[in-house]
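Everything below concerns the one structure shown next.
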Amino acid sequence: MPLTIEFDNSYARLPDRFFAPQAPVPVAAPELIVVNDALARELGIDPAELRSHEGVEMLAGNAIPEGAAPLSQAYAGHQFGGWVPQLGDGRAVLLGEVVGAEGRRDLQLKGSGRTPFSRGGDGRAWLGPVLREYLVSEAMYALGIPTTRALAAVSTGERVQREQGRDGAVLTRIAASHIRVGTFQYFAARQDVEALQLLTNHVIERHYPTATDAISLLDQVLEAQAGLIAQWMSVGFIHGVMNTDNMAVSGETIDYGPCAFMDTFHAEKVFSSIDQFGRYAWCQQPLVAPWNLAQFASCLLPLMGEETAAIEQATAIIHSFPDRYQRHWRRQFGAKIGLVEAGLEDDALIDGLLSLMQAQNADFTNTFHALAGGDARQEFDDPTAFDVWETSWRDRVQRETNPEARMQAANPAVIPRNHQIEAAISQAEGGDFTLFHRLNAALATPYELDTANADLALPPTPEQVVPNTFCGT
Ligand code: AMP
Ligand code: MG
């Protein structure tokens with residue numbers, strides 16, 4: 001079956017220094033794991049084509065479809081606060097862009113072999129992180145949170161060497177674009193103002209068509225990030241590596257490495273094994289985002305004209321982050337306790353519940369989910385403290401119309417729990433993808449849970465708790 005994907009590769013039309021032309025490196029024996037049929041259709045791609053021999057060859061990087069212009073993107077970034085002047089796609093190839101129902105989308109293979117940006121790495125991915133990214137990014141999408149998506153996963157029939165030998169895999173990632181704060185930093189560090197202007201124009205046209213200049217672009221990118229981080233917080237999501245190279249200017253969540261959703265609530269929770277000092281803890285995320293955005297702003301300064309005025313304007317925008325974020329936070333968490341419009345005066349109520357949850361190790365997802373049904377009490381070891389909170393909450397919620405429906409729409413019944421992801425991965429390593437597919441199906445409708453999947457909503461038992469997540473490299 002010949003592939004009929006229609007590419008239109010706007011990034012490849014940017015100057016040579018934006019990327020390195022790079023074909024994926026073929027693999028020994030590709031086998032299809034999963035195709036996301038609904039997403040394929042949204043992109044105007046026939047899922048049957050992707051499942052065909054030619055399709056699998058493309059998804060594995062063994063064949064380049066007609067119209068593709070494969071390349072690896074250049075970028076730089078701050079990793080854990082330390083400057084790295086050159087990163088780039090070290091294990092990814094952008095095949096090209098397709099224009100589907102939701103607009104222009106990148107089609108990228110991740111784990112597709114070495115590139116000029118690989119540094120010491122092998123350019124590959126192993127099955128675990130590929131399945132993790134597939135599950136979590138699709139769960140985020142179903143939760144209504146802007147995110148890159150997963151179109152397909154294939155195994156390569158090759159082993160990759162990590163702490164131990166692992167099965168290799170390739171993920172096909174779909175994104176509004178893969179342009180990062182670090183892409184701007186790459187050119188800013190090289191004082192390449194021409195490239196910065198071209199990149200800015202490209203991003204405005206592609207993601208922020210109402211922006212008129214670098215200042216309004218900064219303003220809109222910041223607004224998107226403020227909303228995004230509040231959404232992460234509202235589902236207990238911890239990204240884990242909020243380096244500037246992992247912040248997409250489109251406002252999508254990108255780079256699912258050592259990310260995780262919390263089970264028991266703790267504001268300072270960290271999962272990533274490499275985040276020793278808790279830089280990217282749950283409660284740090286709204287502080288890290290404006291730090292990253294300040295780096296973005298400084299890249300844009302050369303495009304902002306008269307210098308002192310520009311610095312003042314950009315600074316004012318960065319300083320507006322906390323207030324804007326707070327507004328998004330109130331909207332998100334207000335809805336979670338049934339309020340149509342939470343105000344400053346409701347902060348104590350929201351914070352009160354979170355404090356109780358933290359003090360008693362209550363499960364984040366299940367506690368909120370139980371509120372609408374009136375049985376959140378059972379989530380607490382010592383429910384008397386909750387009873388006090390509940391009385392004042394009921395008082396407040398009385399003034400709302402249909403708060404139950406609001407809560408049901410804001411509080412998922414099921415999220416991708418770490419222990420389930422780990423279990424799905426270890427099953428898959430043995431060749432059994434049953435749990436992976438089951439999780440994937442259940443997470444597609446996270447606000448309603450089939451009784452047959454009730455086990456997927458259970459918090460981990462003490463033996464099942466996964467204390468650390470590892471980078472997907
Ligand atoms: P990440 O931590 O996944 O955001 O990756 C940070 C940087 O390391 C990016 O430039 C990646 O392309 C690169 N990288 C990660 N894993 C590998 C690998 N296995 N081979 C080559 N480069 C890699
Ligand atoms: Mg990255």
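All residue numbers refer to positions in the sequence shown, counting from 1. Just follow the structure's listing: the first ligand is 1, and inside any ligand the first atom is 1.
Looking at Arg180 against ligand 1, nothing comes within 4.0 Å, counting heavy atoms. Here Phe117 has no heavy atoms under 4.0 Å from ligand 1, in either its backbone or its side chain.
Atoms of ligand 1 lying under 4.0 Å from at least one heavy atom of Gly121, given by number and element, are 20 (N), 21 (C). Shown in contact with Asp89 at under 4.0 Å from a heavy atom are these atoms of ligand 1, numbered in order with element: 12 (O). Numbered from 1 in the order shown, with element, the atoms of ligand 1 that lie under 4.0 Å from a heavy atom of Gly123 read 18 (C), 19 (N), 20 (N), 21 (C). Heavy-atom proximity to Arg124, at under 4.0 Å, picks out these atoms of ligand 1: 19 (N). For ligand 1, the atoms lying closer than 4.0 Å to a non-hydrogen atom of Arg162 are 19 (N). Every atom of ligand 1 with a heavy atom of Tyr75 under 4.0 Å away is listed here by number and element: 9 (C), 10 (O). Atom numbering of ligand 1 starts at 1 in the shown order; those under 4.0 Å from a heavy atom of Ser118 are 21 (C), 22 (N). Every atom of ligand 1 with a heavy atom of Asp255 under 4.0 Å away is listed here by number and element: 4 (O).
No more than 12 heavy atoms of other residues, nucleotides or ligands sit less than 6.0 Å from atom CD of Glu31. For CD of Glu205, the number of neighbouring non-hydrogen atoms (other residues, nucleotides, ligands) closer than 6.0 Å is 12 at most. Surrounding CD of Glu6 are at most 12 heavy atoms belonging to other residues, nucleotides or ligands under 6.0 Å away.
The option with the heavy atom closest to atom 5 (O) of ligand 1, from among Arg114, Arg91, Gln73, is Arg91. The option with the heavy atom closest to atom 12 (O) of ligand 1, from among Gly90, Gly240, Gly113, Gly111, is Gly90.
No heavy atom of Gly257 sits closer than 4.0 Å to any atom of ligand 1. Heavy-atom separations between Val241 and ligand 1 are all 4.0 Å or longer.
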- Derivation of the side chain to side chain contact (heavy atoms under 4.5 Å, CB included) call for Gln73 and Thr183: CA-CA 8 Å; Gln73 292 178 322; Thr183 317; 5.9 Å; no

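Atom OG in Ser177 sits 7.5 Å away from atom CD1 in Ile254 (nearest 0.5 Å). Between the CG atom in Leu135 and the CD1 atom in Ile425 there is a gap of 7.5 Å [rounded to 0.5 Å].
Any N or O atom pair closer than 3.5 Å counts here, and Asn246 shares at least one such pair with ligand 1. Note: an N/O pair closer than 3.5 Å links Gly88 and ligand 1 by distance alone. In terms of N/O distances under 3.5 Å, ligand 1 is approached by Arg119. For ligand 1, the polar-atom distance check finds no N/O of Leu87 at less than 3.5 Å from any of the ligand's N/O atoms.
Below 30°, between 30° and 60°, or above 60°: for Phe19 and Tyr11 the angle between ring planes is between 30° and 60°, a tilted geometry. Ring geometry for Trp83 versus His78: interplanar angle of 30 to 60°, hence tilted. Taking the six-membered ring for Trp and thresholds of 30 and 60 degrees, Tyr325 and Trp329 have ring planes inclined between 30 and 60 degrees apart.
For the pair Arg114 and Asp122, the salt-bridge criterion is not met [side-chain N within less than 4.0 Å of a carboxylate O]. Taking 4.0 Å as the cut-off between side-chain N and carboxylate O, Arg173 and Glu133 count as a salt-bridged pair. By the 4.0 Å N-to-carboxylate-O rule, Glu42 lies close enough to Arg149 to be salt-bridged with it.
Side-chain N/O atoms of Thr434 and Gln427 include no donor and acceptor closer than 3.5 Å. Checked by atom type, the side-chain pair Thr147/Tyr256 shows a donor-acceptor distance below 3.5 Å.
For the Mg ion (ligand 2), protein N, O or S atoms under 2.8 Å: 2 in total.
At distances below 3.5 Å, at least one donor-acceptor pair connects side-chain atoms of Gln285 with backbone N or O atoms of Phe237.
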